[in-house]
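Owing to the predicted nature of the structure, the values given are computational and were not obtained by experimental measurement. When a residue number appears, it is its place in the shown sequence, counting from 1.
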Amino acid sequence: MTNLLTPIAIKGMYLRNRIVLPPMATEKATSEGMVTDELIAHYVRYAKAGVGLIISEHSYISPEGKNSPHQLSLADDGVIEGLSRLAKAIHQADGAAGIQINHCGMAGKPAIIGQPVGPSPISDPRRAGGETARELSREEIKRLVKAFARAALRVKEAGFNMVEIHSAHGYLINQFNSPLTNQRTDEYGGSLEKRFTFAREVVQAVRTAVGAEFPILLRLGADDLIDGGLALEDSKLMIPDLVEAGVDVVDLSGGLGGYRSDGPQGYFTYLSEGIKQVIDVPVINTGGVLDTEVANQIIVENKADLVGVGRAMLKDYSWAEKAIRKLS
């Protein structure tokens, strides 16, 4: 019987179990986005504890997409050396490692990037009175697609096992997907299919950049959790197209409304169950999982193929080690 400790292979990536450390911002990079010894030590502790897959925090693909003062960067080739040290350290601790690539879009803070950009000239719906975004031109969108691809290639060149594209939590790709933030009337907006054009182009460009055998994960904000926003049924219609474009694993989370809930553990299980109905690639369930038994049951009941444990592991580096002992 498949459970939380059952190994899984995804293309050339072997995972010793199905425990995932999801990407969580640490603010441990330098102000220029470079890797620090503190950042390396943070992730190595999880690898030594037995985590199957470590997905390092969201990293900006271009300067105007930076979200926080000490966010990790993938915006130029100068970051590769430091990232290589991070990947090597995780591998030496027997972990599999990846990085999430991102652009914050209209969620950007003027103090960091100046005027934010987005699919439409509106402000972030989560911030009352926030800065109005400047609408991206078609030419700028094409450049951003290339920037995502270049960032993904840097991840591969640095020696990581996979790359994850961030399309959740109210950031740029999520903003294109959602009717609440995408009011365009060109080929990047309007219908559900057109709103997902940017996401599809990013996936295709990343696939071309990294090659056929390098695993691509997509963190999908499958439900905006806001009235009038993207809903699970919309995502179920579109995710097969993104898998066809090159996605190997779908990592489920919330959209514009964020990623936290007051619900019970595994509160995004309805997303992983729904998405599993329409695709045949592995699905990651992340959402308030605290207990080993809950994580294991999600796998046993085939509600997801891997389980992300965020806040619980942030509080306790040894969570995976304890889970492995408990289930062995």
> For the atom pair OG (Ser56) and CD (Gln100), what is the distance rounded to the nearest 0.5 Å?
Replying inline: 10.0 Å
>> Quick one: does any side-chain atom of Asn17 pair with a main-chain N or O of Gly50 as donor and acceptor, under 3.5 Å?
In response: yes
> Under 30°, 30 to 60°, or over 60°: which ring-plane class applies to Tyr270 and Phe268, parallel, tilted or perpendicular?
Replying inline: tilted
> According to the side-chain hydrogen bond (donor to acceptor under 3.5 Å, both in side chains) rule, which pairs have a member within residues 77-88, sequence neighbours left out?
Replying inline: Asp37-Arg85, Asp77-Arg154
> Roughly how far apart are Ser235 OG and Asp223 CG, rounded to 0.5 Å?
Replying inline: 7.5 Å
>> Atom NZ of residue position Lys109 - does it have more than 12 heavy atoms of other residues, nucleotides or ligands inside 6.0 Å?
In response: yes
> If only atom types and distance count, is the side chain of His70 paired as donor or acceptor with the main-chain N or O of Ala29 below 3.5 Å?
Replying inline: yes
>> Checking the side chain of Asp76 only, and the main-chain atoms of Gly78 only, is there a donor and an acceptor separated by less than 3.5 Å?
In response: yes
> Among Thr181, Asn182, Leu136, Thr132, which residue meets the side-chain contact (heavy atoms from CB on, under 4.5 Å) test with Ser120?
Replying inline: Asn182
>> Main chain of Val145, side chain of Lys142: is a donor-acceptor contact present, judged purely on distance under 3.5 Å?
In response: no
>> With a 4.5 Å cut-off on side-chain heavy-atom distances among I, L, V, M, F, W and Y, is there a chain of contacts connecting Tyr171 to Leu242?
In response: no
> Within a reach of under 6.0 Å around CZ of Phe214, are more than 12 heavy atoms found that belong to other residues, nucleotides or ligands?
Replying inline: yes
>> I want to check something: taking the side chain as every heavy atom from C-beta on, are Ile99 and Glu164 in contact at a cut-off of under 4.5 Å?
In response: no
>> Determine whether Met238 and Val278 satisfy the following criterion, side chain to side chain contact (heavy atoms under 4.5 Å, CB included), listing intermediate values before the conclusion.
In response: CA-CA 10 Å; Met238 297 311 302; Val278 297; over 6 Å; no
> Distance from Met106 atom CE to Asp124 atom CG, nearest 0.5 Å?
Replying inline: 7.0 Å
> Which atom pair, heavy atoms only, marks the closest approach of Arg184 to Arg138?
Replying inline: NH2-N, 4.3 Å
>> We want to know whether Glu64 and His103 form a side-chain donor-acceptor pair, criterion being a heavy-atom distance below 3.5 angstrom.
In response: yes
> Is the His169 ring parallel, tilted or perpendicular to the Tyr259 ring (thresholds 30°, 60°)?
Replying inline: tilted
Could you list the donor-acceptor pairs under 3.5 angstrom formed between side-chain atoms of residues 321-328 and any protein atom two or more places apart in sequence or on another chain?
from, atom 1, to, atom 2, distance (Å)
Lys322, NZ, Asp316, OD2, 2.9
Ser328, OG, Ile324, O, 2.4

> Stepwise, does the side chain to side chain contact (heavy atoms under 4.5 Å, CB included) test hold for His166 with Phe148?
Replying inline: CA-CA 10 Å; His166 202 351; Phe148 269 101; over 6 Å; no
> So, for Ala149 and Ala205, which heavy atoms are closest and what is the spacing to 0.1 Å?
Replying inline: CB-O, 3.6 Å
> Is it the case that one hydrophobic cluster holds both Val307 and Leu5, taking links as side-chain heavy atoms less than 4.5 Å apart, direct or via other members?
Replying inline: yes
> Could you give the distance from CD (Gln175) to OG (Ser167), rounded to the nearest 0.5 Å?
Replying inline: 10.0 Å
>> When you measure from the side chain of Lys303 to the backbone of Thr269, do you find a donor-acceptor pair of N or O atoms at a distance under 3.5 Å?
In response: no
> Where is the tightest heavy-atom contact between Ser178 and Gly229, given as atom of each residue plus distance?
Replying inline: OG-CA, 4.3 Å
> Looking at CG of Leu180 and CG of Asn177, how far apart are the two atoms once the value is rounded to the nearest 0.5 Å?
Replying inline: 12.0 Å
> For residues 229-243, which residue pairs qualify under salt bridge (charged side-chain N to carboxylate O under 4.0 Å, His left out), counting only residues two or more places apart or in two chains?
Replying inline: Arg200-Asp241, Glu233-Lys236
> Short question: side chain of Tyr46, backbone of Met313 - any donor-acceptor pair under 3.5 Å?
Replying inline: yes
>> If we ignore hydrogens and angles and just use 3.5 Å, is the side chain of Gln71 paired with the main-chain N or O of Glu27 as donor and acceptor?
In response: no
>> Looking at every heavy atom in both Leu230 and Gly221, which two are closest together, and how far apart are they?
In response: CD2-O, 3.5 Å
>> Test: side-chain hydrogen bond (donor to acceptor under 3.5 Å, both in side chains). Region: residues 203-221. Which pairs qualify, not counting sequence neighbours?
In response: Arg207-Asp248, Arg219-Asp251
> Does Thr6 offer a backbone N or O that forms a donor-acceptor pair with the side chain of Arg18 under 3.5 Å?
Replying inline: yes
> Within the distance-only criterion (no hydrogens, no angle test), does the side chain of Thr26 pair as donor or acceptor with the backbone N or O of Met24 below 3.5 angstrom?
Replying inline: no
> For Glu187 and Thr197, does a side-chain donor sit closer than 3.5 Å to a side-chain acceptor?
Replying inline: no
> With clusters built from Ile, Leu, Val, Met, Phe, Trp and Tyr whose side-chain heavy atoms come within less than 4.5 Å, directly or transitively, what are the remaining members of the cluster of Met13, listed by chain and number?
Replying inline: Ile8, Ile10, Leu15, Val20, Leu53, Ile55, Met162, Leu217, Val249, Ile284, Leu306
> Do you know which two heavy atoms are closest between Leu74 and Ser59, and how far apart they sit?
Replying inline: CD1-CB, 3.7 Å
> For Ala87 and Ala158, which heavy atoms make the closest approach, and how far apart are they?
Replying inline: CB-O, 3.6 Å
>> For residues Ile101 and Val203: do they belong to one hydrophobic cluster (side chain heavy atoms under 4.5 Å, members Ile, Leu, Val, Met, Phe, Trp, Tyr)?
In response: yes
>> Using the rule that Ile, Leu, Val, Met, Phe, Trp and Tyr join whenever any side-chain heavy atoms are under 4.5 Å apart, tell me whether Ile239 and Leu256 fall into a single cluster.
In response: no
>> side chain to side chain contact (heavy atoms under 4.5 Å, CB included), that's the test. Do Lys276 and Asp305 meet it? Break it down for me.
In response: CA-CA 9 Å; Lys276 277 182 70 66; Asp305 303 283; 3.1 Å; yes
>> Using modelled atom types and a 3.5 Å cut-off, is there a donor and acceptor pairing between side-chain atoms of Arg195 and backbone atoms of Tyr188?
In response: no
> Does a donor on one side chain and an acceptor on the other come within less than 3.5 Å for His58 and Asn102?
Replying inline: yes
Name every donor-acceptor pair, under 3.5 Å, that has one atom in a side chain of residues 287-297 and the other anywhere in the protein, sequence neighbours excluded.
from, atom 1, to, atom 2, distance (Å)
Asp291, OD2, Gln265, NE2, 2.7
Asn296, OD1, Leu4, N, 3.0
Gln297, NE2, Glu301, OE2, 2.8

